[in-house]
Number of protein chains: 2
Amino acid sequence: MPSTTSSGPSLREISRDAVRARITEVALDLFAEHGFDQVTVDQIAAAAGMSGRTFHRYFPAKEDVVVGEPERWGEFVRDAFAARPDDEPVWDSLRASFEAFIGFLEQDGRVQRGKVAMRILVSTASLRARNLEKHQLWGRMLLPLVAARLPDDDTALRAEIIVQAAFACLDVTFTTWANVDDDTTLSELLERSFTMLQPTT
Amino acid sequence: MPSTTSSGPSLREISRDAVRARITEVALDLFAEHGFDQVTVDQIAAAAGMSGRTFHRYFPAKEDVVVGEPERWGEFVRDAFAARPDDEPVWDSLRASFEAFIGFLEQDGRVQRGKVAMRILVSTASLRARNLEKHQLWGRMLLPLVAARLPDDDTALRAEIIVQAAFACLDVTFTTWANVDDDTTLSELLERSFTMLQPTT
DNA sequence: GCTTTGCGTGTCAGAGACTGACAGATATGG
DNA sequence: CCATATCTGTCAGTCTCTGACACGCAAAGC
């Protein structure tokens, strides 16, 4: 147990995060060069100086290296949504929450790396699958909040549709952003996507 | 090669389809009882009286038993969309195309079995993944047709959003239908879903 | 009728992603 | 220095999926 003097992450956690980051760095390079499916776990592990077994102790599945930790970002988005005013239309609240998410990514400086990762993601079936699971998770986290803000009847189906449509917008945003070479902004694409769709009130 | 007297499916194809149907039948029973992940390919093969290797000659992947042949249905939907009048709003055309698809399924009497299959599908990650690939495929087939019907600018992004949103509606439709015990109709749910969302014209 | 050809099938071997069990190494705290 | 917890590698095993080979059977050609 860590001493009570510091309430921050323990030494072990720092070390663990550092190793995870290193693995991610090495793996993304390999994926970018040879393609996700052409790189084996053992190759990544060797490049990172460890055994394949140890790789799986840091990432349960090979896909997790690219997708990251959906849980953390899901909480971020959920909290952002919860912080929105109650009288705002849900569609706008969702857009604002995704906007905050994107803003966080950009500020963190992961955008360049993010574009590489996203290009790998959208071009690999098993990674798209993992991404879908992220949507499902986020959906389960957002659904009750969205449903609570909807007027009277049919809230279950309405909320489901709205959330899924929002994810579709987010997906299209990231996909087109990854496939384009100019400097089009994620925020810009997100706004355009959300504007093209409107839930009937 | 078959003699020219009959232009129908060859004997081999009939036999192949029959075997495929038999495997599907046996496998769905096993999946429904034990869950998709708990049933091995060898178990299905044994229950169908063949080796595991032969199973894979009929279905490249275990998931294909549940998902079926996306290509065929994709063509069906694409043709249905192409047959719609040019001046109809794309959103309505998409709804009509999905309606036709659903109608075909219901007429074929696969609805009961379909509900079982759908329950297995929505509760298994790898099957949801395969279903997503189906969406991607259908999307690639529909996208050019949809884009061609859209007014002037930004057709690429607009088409992408509209198609993805339509798939979201279709997905929610099947998912809620599978999870509900009453007699709510697929068409009914589809209509409600599509009505809740409107692309801005 | 016999052969040739094509096709379906089983067996075998192997890659690749994981997972559990065990044992040694390392570092953390007293 | 020791006791503890954690990390790590090795090994073995499961499961999906693929390629290669050989066997059997049935239709087609002579």
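Every chain is numbered from 1 and lettered A, B, ... according to where its sequence line falls, protein lines coming before strand lines. Quantities reported herein were computed from a predicted structural model and do not represent experimental measurements.
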Within residues 121-136 of chain B, the residues having a heavy atom closer than 4.0 Å to DNA chain D are none

So if I define the base as every atom that isn't primed, P, OP1 or OP2, how would nucleotides 12-17 of chain C read as a B/S/- string at a heavy-atom cutoff under 4.0 Å?
----SS

Do the numbers put Lys115(A) on top of the ring of Trp177(A), so that NZ or CZ is under 6.0 Å from the six-membered ring centre and no more than 45° off the axis?
yes

Not counting sequence neighbours, which residues clear salt bridge (charged side-chain N to carboxylate O under 4.0 Å, His left out) with Arg57(A)? List them please.
none

Any protein N or O atoms within reach of nucleotides 24-27 of chain C? Criterion: under 3.5 Å, listing atom names and distances.
none

Using a 4.0 Å heavy-atom cut-off across all strands, classify Tyr58(A) as base, sugar-phosphate, or nothing.
sugar-phosphate

Just verifying a value: how many Å separate Ile23(A) CD1 and Arg20(A) CZ, rounded to the nearest 0.5 Å?
8.0 Å

Distance-only criterion, 3.5 Å: show the donor-acceptor pairs between side-chain atoms of residues 116-130 of chain B and protein atoms not counting sequence neighbours.
unit_1: Arg119(B); atom_1: NE; unit_2: Ala178(B); atom_2: O; d: 2.6
unit_1: Arg119(B); atom_1: NH2; unit_2: Ala178(B); atom_2: O; d: 3.2
unit_1: Arg119(B); atom_1: NH2; unit_2: Asp181(B); atom_2: OD1; d: 3.0
unit_1: Ser123(B); atom_1: OG; unit_2: Arg119(B); atom_2: O; d: 2.9
unit_1: Ser123(B); atom_1: OG; unit_2: Ile120(B); atom_2: O; d: 3.1
unit_1: Thr124(B); atom_1: OG1; unit_2: Ile120(B); atom_2: O; d: 2.9
unit_1: Ser126(B); atom_1: OG; unit_2: Glu63(B); atom_2: OE2; d: 3.3
unit_1: Arg128(B); atom_1: NE; unit_2: Glu133(A); atom_2: OE2; d: 3.3
unit_1: Arg128(B); atom_1: NH1; unit_2: Val122(B); atom_2: O; d: 2.8
unit_1: Arg128(B); atom_1: NH2; unit_2: Glu133(A); atom_2: OE1; d: 2.7
unit_1: Arg128(B); atom_1: NH2; unit_2: Glu133(A); atom_2: OE2; d: 3.4
unit_1: Arg130(B); atom_1: NE; unit_2: Asp64(B); atom_2: OD1; d: 3.1
unit_1: Arg130(B); atom_1: NH2; unit_2: Asp64(B); atom_2: OD1; d: 3.3
unit_1: Arg130(B); atom_1: NH2; unit_2: Asp64(B); atom_2: OD2; d: 3.3

Those residues at least two apart in sequence (or on a different chain) that pass salt bridge (charged side-chain N to carboxylate O under 4.0 Å, His left out) with Glu25(A) are Arg22(A)

Distance in angstrom units between Phe55(B) CZ and dT11(C) P, rounded
17 Å

Could you name each residue pair satisfying salt bridge (Lys or Arg N to Asp or Glu O under 4.0 Å) that touches residues 162-177 of chain A, not counting sequence neighbours?
none

For DNA chain C, the residues among residues 22-31 of chain A that have a non-hydrogen atom under 4.0 Å from it:
none

Check residues 93-103 of chain A and write down every donor-acceptor pair under 3.5 Å in which the side-chain atom is one partner and the other belongs to a residue at least two apart or another chain.
unit_1: Ser93(A); atom_1: OG; unit_2: Glu88(A); atom_2: OE1; d: 2.6
unit_1: Ser93(A); atom_1: OG; unit_2: Pro89(A); atom_2: O; d: 3.4
unit_1: Ser93(A); atom_1: OG; unit_2: Arg149(A); atom_2: NH1; d: 2.8
unit_1: Arg95(A); atom_1: NH1; unit_2: Glu99(A); atom_2: OE1; d: 3.3
unit_1: Ser97(A); atom_1: OG; unit_2: Phe81(A); atom_2: N; d: 3.3
unit_1: Ser97(A); atom_1: OG; unit_2: Ser93(A); atom_2: O; d: 2.8
unit_1: Glu99(A); atom_1: OE2; unit_2: Ser187(A); atom_2: OG; d: 2.8

Sort and list the pairs that fulfil salt bridge (Lys or Arg N to Asp or Glu O under 4.0 Å) and have at least one residue in residues 67-77 of chain A, not counting sequence neighbours.
Glu69(A)-Arg72(A)

Return the value, rounded to whole Å, for the distance between atom CZ of Arg57(A) and atom C1' of dA21(C).
11 Å

Under the side chain to side chain contact (heavy atoms under 4.5 Å, CB included) test, which residues partner Asp29(B), sequence neighbours left out?
none

Taking the side chain as every heavy atom from C-beta outward, state whether Asp42(A) and Phe55(A) have any pair of such atoms under 4.5 Å apart.
no

Tell me whether the OP1 or OP2 atom of dT8(D) has a side-chain N or O from Thr54(A) closer than 4.0 Å.
no

With rounding to the nearest 0.5 Å, note down the distance linking CG in Leu28(A) to CZ in Phe36(A).
10.0 Å

Mind checking what makes salt bridge (charged side-chain N to carboxylate O under 4.0 Å, His left out) contact with Arg16(A), not counting sequence neighbours?
none

Rounded to whole Å, the CD1-C1' distance (Ile14(A) to dT6(D)) equals 16 Å

Working to the nearest 0.5 angstrom, can you tell me the gap between Thr155(B) OG1 and Ile162(B) CD1?
10.0 Å

